[in-house]
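Got a structure for you, questions after.
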Amino acid sequence: MTEHIQFSPEKDALVLLDQRYLPTREDWFDCKTTDDIVEALIVMVVRGAPAIGVTAAYGCYLAGREVAGNSDWKVELEKNLDKIENARPTAVNLRWAVREMKRVWQESGDVSLDELCAVWLKRAKEIHVDDIRMCEDIGKFGGELMDDGDTIMTHCNAGALATAGYGTALGVVHGAVDQGKKVQVIANETRPFLQGARLTAYELHRDGIPVKVACDNACALLMKKGLVQKVVVGADRIAANGDAVNKIGTYGVALLAREFGIPFYVAAPVYTIDPETPTGDDVPIEDRTPTEVTHIGEHRITPEGVEVFNFAFDSTPNELIAGIITEKGVLRPPYIEAIKKLYSEED
Ligand code: MRU
């Protein structure tokens with residue numbers, strides 16, 4: 001697939017495939033300023049935890065270019081970085097990327113703005129490339145957990161469009177295929193933004209991997225019928241105790257998986273684990289615009305004046321998770337110990 005996140009040196013801009021219009025239209029969205037980046041993140045031109053981390057990293061570079069010529073550039077730049085970091089609250093990858101760029105700035109000492117931008121662009125490109133490798137390693141480890149003939153259910157989109165590589169949850173699917181296993185996927189449609197119906201189905205269909213879309217509320221029936229052998233999802237943030245925050249509805253899928261004895265896996269890079277957040281209940285849950293629920297496209301589906309819920313994520317308690325598949329290997333319960341060990345090996 002054409003890369004959906006591209007840095008264009010000619011335009012000095014980040015060019016993003018606009019995911020709002022997939023699969024019917026392939027439009028591109030140019031980001032040249034901090035406000036462009038923040039808009040792309042908020043309206044979900046680009047979405048998915050690793051992809052928004054990569055976007056934020058390039059965003060810091062663009063924020064730097066934007067303050068050129070400003071006598072107070074350091075103060076203005078700090079403000080721009082804060083805007084990017086706070087565009088969406090749940091995925092830790094966004095915060096991670098901006099803090100990583102701040103760390104690089106601090107380590108660079110008393111550099112000029114031009115020098116800082118050069119260092120930041122190089123670091124953003126490294127973060128971009130690292131994500132591709134992490135997906136492949138997650139795919140390798142996760143693929144080994146899948147069996148020939150499995151039907152794998154996934155929720156939301158944790159594929160190429162959510163990362164810079166071939167995905168985390170969908171990376172596991174690709175890993176299994178690369179290992180010669182015949183697997184198929186059930187993509188839960190994922191109301192209200194329909195990441196499953198629009199994006200997961202688009203990617204897998206294009207890649208020749210058998211996929212069927214199911215309404216979110218078909219999950220119990222499909223599991224009861226024995227049509228699901230594994231569940232694999234991504235994560236926006238994993239707490240220090242292994243609770244995994246992912247797209248709204250994931251918790252329900254995990255509860256049903258336990259009821260029917262189906263292994264439920266979470267696939268995510270190590271930096272999605274946030275040791276600063278003790279449990280899933282401590283993760284800020286994004287509350288998005290009501291119009292995503294009240295409307296389908298331009299068409300209103302709820303009566304005027306009726307309020308709706310639009311929490312974008314929920315937290316799956318660690319006891320429902322059979323394994324957390326990372327680029328360093330598969331973590332198993334008890335997760336507090338497994339995560340502590342992982343971080344002590346990182347230091
Ligand atoms: O609101 P979104 O589309 O950004 O939510 C995305 C998800 O919930 C993904 O499952 C998660 O970010 C993991 S992506 C590899």
Side-chain angles (χ1 to χ4, degrees), residues 4-5 16-20 22 40-56 87-97 130-132 134-139 142 152-175 185 187-200 202-203 216 231-238 244-254 264-274 280 283-289 292-293 310-316 321 324-327:
H4 70 105
I5 303 174
L16 300 168
L17 178 60
D18 195 331
Q19 299 191 26
R20 291 173 297 176
L22 290 174
L41 292 168
I42 291 177
V43 303
M44 299 211 285
V45 168
V46 62
R47 31 67 48 204
I52 66 180
V54 172
T55 300
R88 294 189 74 188
T90 304
V92 75
N93 313 55
L94 188 56
R95 192 189 77 189
W96 180 89
D130 281 353
D131 192 61
I132 300 172
M134 284 188 285
C135 289
E136 281 168 7
D137 290 345
I138 288 170
I152 303 162
M153 176 177 276
T154 191
H155 195 75
C156 194
N157 170 264
L161 289 163
T163 61
Y166 68 12
T168 55
L170 295 192
V172 171
V173 172
H174 281 282
V185 174
N188 290 341
E189 64 175 350
T190 320
R191 276 278 291 151
F193 199 71
L194 302 173
Q195 287 93 334
R198 297 189 301 109
L199 310 177
T200 297
Y202 166 81
E203 278 187 41
D216 295 327
V231 178
V232 187
V233 298
D236 285 79
R237 194 184 303 211
I238 298 172
V245 174
N246 190 51
K247 181 53 53 193
I248 190 80
T250 303
Y251 180 23
V253 175
F264 177 96
Y265 293 103
V266 174
V270 167
Y271 79 125
T272 299
I273 303 172
D274 178 13
V283 176
I285 299 293
E286 182 178 5
D287 191 0
R288 292 183 59 81
T289 171
E292 288 179 350
V293 176
N310 193 13
F311 295 116
F313 300 95
D314 58 28
S315 169
T316 297
I321 302 170
I324 299 176
I325 306 162
T326 76
E327 74 278 20

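Counting starts at 1 for both ligands and their atoms, in listed order. Please read all numbers here as calculations on a predicted model, not as lab measurements. Just so it is clear, the values below take in all heavy atoms, side chains as well, and ignore hydrogens, waters and symmetry mates.
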Protein contact to atom 9 (C) of ligand 1 [nearest heavy atom, distance to 0.1 Å]: Asn246 OD1, 3.4 Å
Gln195: numbered ligand 1 atoms lying under 4.0 Å from its heavy atoms: 1 (O), 2 (P), 3 (O)
Going by the side-chain hydrogen bond (donor to acceptor under 3.5 Å, both in side chains) test, name the single residue among Asn246, Asp274, Asn93, Thr272 that passes it with Arg237. Asp274
Does NZ or CZ of Arg288 lie under 6.0 Å from the centre of the six-membered ring of Phe313, at an angle within 45° of the ring axis? no
Please identify which atoms of ligand 1 are closer than 4.0 Å to at least one heavy atom of Met44. 1 (O)
Taking the side chain as C-beta and beyond, is there a heavy-atom pair between Ile138 and Pro269 under 4.5 Å? yes
Looking only at distances, please establish whether an N/O atom of ligand 1 is found under 3.5 Å from an N/O atom of Gly234. no
Using a 4.0 Å heavy-atom cut-off, say whether Phe193 meets ligand 1 through its side chain, its backbone, both or neither. neither
Which residue owns the protein heavy atom closest to atom 12 (O) of ligand 1, what's the atom, and how far is it? Ala49 N, 2.8 Å
Side chains of Val253 and Val233: does their closest heavy-atom pair fall under 4.5 Å? no
Sub-4.5 Å side-chain heavy-atom contact between Leu41 and Thr55: yes
Test: Arg88 and Asp236 ion pair at under 4.0 Å: no
Should the ring pair Tyr271 and Trp96 be called parallel, tilted or perpendicular, given that the plane angle runs from 0 to 90° and is split at 30 and 60? perpendicular
Protein contact to atom 14 (S) of ligand 1 [nearest heavy atom, distance to 0.1 Å]: Ala162 CB, 3.5 Å
Heavy-atom distances under 4.0 Å are what count here, so tell me which part of Lys247 touches ligand 1: side chain, backbone, both or neither. both
Give a yes/no on ligand 1: does Ala312 have at least one heavy atom closer than 4.0 angstrom to it? no
With heavy-atom distances below 4.5 Å as the criterion, would you say the side chains of Thr154 and Val185 are in contact? yes
Contact atoms of ligand 1, heavy-atom distance to Phe313 under 4.0 Å: 1 (O), 5 (O), 8 (O)
Which ligand 1 atoms does Pro50 reach within 4.0 Å, using its non-hydrogen atoms? 14 (S), 15 (C)
Heavy atoms only: which of Gly249, Gly48, Ala235 lies closest to atom 13 (C) of ligand 1? Ala235
Do Val293 and Arg191 have side chains that get closer than 4.5 Å, going by heavy atoms? yes
Within reach of ligand 1, part of His155 (heavy-atom separation under 4.0 Å): neither
Side-chain contact test, heavy atoms from C-beta onward, threshold under 4.5 Å: evaluate it for Cys156 versus Thr250 and give yes or no. no
Could you tell me the residue and atom name of the protein heavy atom closest to atom 15 (C) of ligand 1, and the distance to it rounded to 0.1 Å? Thr168 OG1, 3.1 Å
Under a 4.0 Å heavy-atom limit, does Arg88 contact ligand 1 with its side chain, its backbone, both, or neither? side chain
Among protein heavy atoms, which sits nearest to atom 7 (C) of ligand 1, and what does the distance come to when rounded to 0.1 Å? Asp236 OD1, 3.3 Å
Where's the contact between Ala158 and ligand 1, heavy-atom distance under 4.0 Å: side chain, backbone, both or neither? both
Do Val266 and Thr168 come within less than 4.5 Å of each other through their side chains, counting heavy atoms only? no
